[in-house]
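Below, each value reflects all heavy atoms present in this structure, side chains not excepted, and no hydrogens, waters or symmetry copies.
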Amino acid sequence: MTSQLNGSVLKAFKILDLFAAGKIELTAQETADALGINMITAHRFLHTLVHAGALRVTSRGVFRLGYMFADLGQRVMRDGNLAGLLQPILDQLARDTGEACMATEFDHDMAVCIAKALPDRPLYVDIRIGSKLDAFCTAHGKLWLAHMSSADQDRYFAKADLTGMTDHTITDVKALKTELHNIRDTGYATNNGERENDIYALAVPILTRHGNMVSAFSVFGASPATLQTHRDRLLADLKTAATTARNSLYGADGTDNADGMD
């Protein structure tokens, strides 16, 4: 069956992906080396992307991202599609774990519930879509803080009211920063009755291919024993769901290979 993929388009997006990986500026030589193409082809791709508005020339032979991506970035995060994309994965996570589950976004220094799934049993803890969760004392909130830059963390703590909500709330900035560092290392966050005495949670981030956090999944409930006893299994289910979600961000076909296509 003849492939319907266009190799030139895929190569163009590979160039843009170099910026997603951390590049601020790009030259034709760097492009040629990264994509394994010759300089003439690299120049042709780069100037085509400039013509399309995807790149801009900042000095002779030096390219940066075009400002069209500022608008596109805002659109993709605000178009409401993320919750719909995550919902079926979240539903499966609730079936696999037997626990209540939710996904969040981060807005105005709060984690915001954008999707939820409930277990098939008579009693469970629930949450409303749109509920806002304090960042410093919830599993989701601490994940978002942990994936901030040091400067953004400092900005958050400079104005945050770290009021103790329960006896388990961590209110010392140094202790919180230590926990955030541990969260980045371990890849998950917990809420051990820190916001409400009887609510416990385990959460993992949903990351892009380049490690940027776009959402998070959690299981939560009123039984700390359940989360402690079954932590390894729950974490495995959460991480599987997060990987599925990450792949879904890029579409059903995750193939990268543009060689031989045009």
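Heavy atoms only, all atoms of each residue included: His147 and Gly211 are closest at CD2-O, 4.5 Å. Residues Lys239 and Thr186 share a closest heavy-atom pair of NZ-O, 4.0 Å. For the residue pair Val125 and Leu118, the shortest heavy atom distance occurs at O-CD2, 4.1 Å. Residues Arg64 and Ile24 share a closest heavy-atom pair of CG-O, 3.3 Å. Across all non-hydrogen atoms, the minimal contact from Leu133 to Met102 is CD1-CE, 3.4 Å. For the pair Leu46 and Ala28, the tightest heavy-atom approach, listed with the atom from each and the gap, is CD1-CA, 3.6 Å.
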For this session: Tell me, with the steps shown, if Gln92 and Thr244 meet side-chain contact (heavy atoms from CB on, under 4.5 Å).
Result: CA-CA 11 Å; Gln92 185 61 52; Thr244 301; over 6 Å; no

Problem set entry | Audit row: Thr240, Leu93, side-chain contact (heavy atoms from CB on, under 4.5 Å) steps and yes/no | CA-CA 9 Å; Thr240 296; Leu93 180 61; over 6 Å; no

For this session: Take Ile206 and Leu86, measure what side-chain contact (heavy atoms from CB on, under 4.5 Å) needs, and give me the verdict at the end.
Result: CA-CA 10 Å; Ile206 299 171; Leu86 297 179; 4.0 Å; yes

Exercise. Step by step, would you call Asp17 with His210 a side chain to side chain donor-acceptor pair (under 3.5 Å)?
Worked result: CA-CA 9 Å; Asp17 203 42; His210 296 292; 2.9 Å; yes

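Looking at Thr169 and Leu162, their side chains never come closer than 4.5 Å, going by heavy atoms from C-beta outward. Inter-residue side-chain proximity for Phe45 and Thr48 is flagged as unmet; no heavy-atom pair is nearer than 4.5 Å. By the 4.5 Å heavy-atom criterion applied to side chains, Met110 and Trp144 are not counted as neighbours. Using a 4.5 Å cut-off on side-chain heavy atoms (C-beta onward), Leu176 and Phe157 make contact. Within the 4.5 Å cutoff, no side-chain heavy atoms of Tyr188 are placed close to those of Ile183. With contacts defined as side-chain heavy-atom distances shorter than 4.5 Å, the pair Ile15/Phe63 does not qualify. Met148 places a side-chain heavy atom less than 4.5 Å from the side chain of Phe106. Looking at heavy atoms from C-beta onward, Tyr156 lies in side-chain contact with Leu145 at the 4.5 angstrom threshold.
Separating the CD1 atom in Ile114 from the CG atom in Asp107 is a distance of 11.5 Å, to the nearest 0.5 Å. The distance from the CZ atom of Phe217 to the CG atom of Leu90 is 5.5 Å, given to the nearest 0.5 Å. With rounding to the nearest 0.5 angstrom, the CZ atom of Arg44 is 11.0 Å from the CG atom of Leu49. Atom-to-atom distance recorded for Thr208:OG1 and Leu249:CG is 8.0 Å, nearest 0.5 angstrom. Atom CZ in Arg209 sits 13.0 Å away from atom CG in Leu207 (nearest 0.5 Å). Separating the OG1 atom in Thr58 from the CD atom in Glu25 is a distance of 4.5 Å, to the nearest 0.5 Å.
By the 6.0 Å contact criterion, CG on Asp167 is open, its count of non-hydrogen atoms from other residues, nucleotides or ligands being 12 or less. Shown here is Asp120, whose CG atom has no more than 12 heavy atoms of other residues, nucleotides or ligands within 6.0 Å. The local environment of NZ in Lys23 is sparse, with at most 12 non-hydrogen atoms from other residues, nucleotides or ligands closer than 6.0 Å.
At a threshold of 4.0 Å, the pair Arg95-Asp91 does not count as salt-bridged, since none of the basic side-chain nitrogens sits closer than that to a carboxylate oxygen. Salt bridge status for Lys116 with Asp126: present, with a side-chain N to carboxylate O gap under 4.0 Å. Between Lys132 and Asp109, no side-chain nitrogen of the basic residue sits less than 4.0 Å from a carboxylate oxygen of the acidic one, so the salt-bridge criterion is not met.
Of the possible polar contacts, one joining the Arg184 side chain to the Ala146 backbone as a donor-acceptor pair under 3.5 Å is found. Between the Arg56 side chain and the Leu65 main chain, a donor and an acceptor come within less than 3.5 Å of each other.
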For residues 135-143, tabulate all N or O donor-acceptor pairs below 3.5 Å that involve a side-chain atom, not counting sequence neighbours.
{"from": "Thr138", "atom 1": "OG1", "to": "Asp134", "atom 2": "O", "distance (Å)": "2.6"}
{"from": "Thr138", "atom 1": "OG1", "to": "Gly141", "atom 2": "N", "distance (Å)": "3.1"}
{"from": "His140", "atom 1": "ND1", "to": "Thr104", "atom 2": "OG1", "distance (Å)": "2.8"}
{"from": "His140", "atom 1": "NE2", "to": "Ser218", "atom 2": "OG", "distance (Å)": "2.7"}
{"from": "Lys142", "atom 1": "NZ", "to": "Glu179", "atom 2": "OE2", "distance (Å)": "2.9"}
{"from": "Lys142", "atom 1": "NZ", "to": "Thr190", "atom 2": "O", "distance (Å)": "2.8"}
{"from": "Lys142", "atom 1": "NZ", "to": "Glu194", "atom 2": "OE1", "distance (Å)": "2.9"}
{"from": "Lys142", "atom 1": "NZ", "to": "Glu194", "atom 2": "OE2", "distance (Å)": "3.1"}

